[in-house]
Undergrad: 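Below is one structure. I have some questions about it.
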Amino acid sequence: QVQLLESGGGLVQAGGSLRLSCAASGRTFSTYSMAWFRQAPGKEREFVAAISRSRISTSYADSVKGRFTISRDNAENTVSLQMDSLKPEDTAVYYCAASIVVGISQIPGRYTYWGQGTQVTVSS
């Protein structure tokens, strides 16, 4: 089992940057694929980015490709999301998620463990 705690959210102007971090408990962090999802008010939770256990593979939603970068440090049990060129439509609660399934996925149901989320608000 793994517990996830996100941090780094906040209020930023359009065009600005934020870096989200997710700290994971437990000694088996390197066995999980990790991902970030987000949920805006009145909308379904949507995939943002994912990274494989070995860091070799990454995947991004088309809406964030070229602006967001996911990374992980297996020694520190952390996964991060660097968000640049932020837009008002990026406003949402951002969630860190962990999956024991081999490979990376954009499907929320593939992820077993979730953090409580961190709010990101981008003003125009």
Undergrad: Say you draw a straight line from OG of Ser80 to CG of Leu20; how long is it, rounded to the nearest 0.5 Å?
TA: 8.5 Å
Undergrad: Where the side chain of Glu6 meets the backbone of Cys96, is there a donor-acceptor pair that is under 3.5 Å apart?
TA: yes
Undergrad: Measure from the side-chain N and O atoms of Thr91 to the backbone N and O of Val122, and report whether any donor-acceptor pair falls under 3.5 Å.
TA: yes
Undergrad: Could you tell me whether a side-chain N or O of Ser33 sits under 3.5 Å from a main-chain N or O of Gly103, the two making a donor and an acceptor?
TA: yes
Undergrad: Checking Ser52 side chain against Ser57 main chain: does a donor-acceptor pair fall under 3.5 Å?
TA: yes
Undergrad: Which is it for Leu81 and Thr69 under the side-chain contact (heavy atoms from CB on, under 4.5 Å) test, yes or no, and what are the steps along the way?
TA: CA-CA 6 Å; Leu81 185 68; Thr69 303; over 6 Å; no
Undergrad: Run Asp84 and Ser17 through side chain to side chain donor-acceptor pair (under 3.5 Å) and show every step you take.
TA: CA-CA 4 Å; Asp84 298 318; Ser17 298; 2.7 Å; yes
Undergrad: Rounded to the nearest 0.5 Å, how far does CZ of Phe68 lie from CG of Leu18?
TA: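 Leu18 atom CG to Phe68 atom CZ measures 9.0 Å (nearest 0.5 Å).
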Undergrad: I'd like to know if the side chain of Gln106 and the backbone of Phe47 have a donor-acceptor N/O pair within less than 3.5 Å.
TA: no
Undergrad: Got more than 12 heavy atoms from elsewhere within 6.0 Å of CD, Gln3?
TA: no
Undergrad: Restricting to non-hydrogen atoms, name the atom on Ala92 and the atom on Ala40 that form the minimum distance, rounded to 0.1 Å.
TA: CB-N, 3.8 Å
Undergrad: Could you pull out the closest heavy-atom pair between Ala49 and Tyr60, with the gap in Å?
TA: CB-CD2, 3.6 Å
Undergrad: Can you give me the closest heavy-atom contact between Tyr32 and Ala98, atom names plus distance?
TA: CD2-CB, 3.9 Å
Undergrad: Test your reading of the model: is there a side-chain donor-acceptor pair from Ser85 to the backbone of Arg67, 3.5 Å cut-off?
TA: no
Undergrad: Give a yes or no on whether a salt bridge exists between Lys65 and Asp62, defined as a side-chain N under 4.0 angstrom from a carboxylate O.
TA: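 Salt bridge: yes.
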Undergrad: Exactly one of Gln119, Gln39, Arg38 should register a side-chain hydrogen bond (donor to acceptor under 3.5 Å, both in side chains) with Tyr94. Which one does?
TA: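 That would be Arg38.
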Undergrad: Using a cut-off of 6.0 Å, state whether more than 12 heavy atoms not belonging to Gln116 lie near its atom CD.
TA: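 It does not: Gln116 CD has 12 such atoms or fewer within range.
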Undergrad: Determine whether Ile51 and Val2 fall in the same hydrophobic cluster, where Ile, Leu, Val, Met, Phe, Trp and Tyr are linked whenever their side-chain heavy atoms lie under 4.5 Å apart.
TA: yes
Undergrad: Taking C-beta and beyond as the side chain, do Glu76 and Phe29 meet within less than 4.5 Å on heavy atoms?
TA: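 Contact flag for Glu76/Phe29 side chains = no.
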Undergrad: Determine, using the 4.5 Å side-chain heavy-atom cutoff (strictly less than), whether Leu86 and Val48 are members of one ILVMFWY cluster.
TA: yes
Undergrad: Report the distance from atom CZ of Arg72 to atom CZ of Arg55, rounding to the nearest 0.5 Å.
TA: 8.5 Å
Undergrad: Rounded to the nearest 0.5 Å, how far does CE of Met34 lie from OG1 of Thr58?
TA: 14.5 Å
Undergrad: Using a 4.5 Å cut-off on heavy atoms from C-beta on, say whether the side chain of Val120 contacts that of Met83.
TA: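 In contact.
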Undergrad: Nearest 0.5 Å, what's the CD1-OG distance between Ile70 and Ser59?
TA: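 These two atoms lie 9.0 Å from each other.
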Undergrad: Mind checking the CG-OG1 spacing from Asp90 to Thr121? Nearest 0.5 Å is all I need.
TA: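 Here the interatomic distance stands at 11.0 Å.
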Undergrad: When you look at Val79 and Trp36, which way does the side-chain contact (heavy atoms from CB on, under 4.5 Å) test go after all the steps?
TA: CA-CA 9 Å; Val79 60; Trp36 289 92; 3.9 Å; yes
Undergrad: Ignoring hydrogens and geometry, is there a side-chain-to-backbone donor-acceptor pair from Ser99 to Arg110 under 3.5 Å?
TA: yes
Undergrad: With side-chain contact (heavy atoms from CB on, under 4.5 Å) as the test, would you mind laying out the steps for Leu4 and Cys22 before giving the verdict?
TA: CA-CA 6 Å; Leu4 305 172; Cys22 175; 3.8 Å; yes
Undergrad: When you measure from the side chain of Tyr113 to the backbone of Ala24, do you find a donor-acceptor pair of N or O atoms at a distance under 3.5 Å?
TA: no
Undergrad: Check for me whether the distance between the ring centres of Phe37 and Tyr95 falls short of 6.0 Å.
TA: no
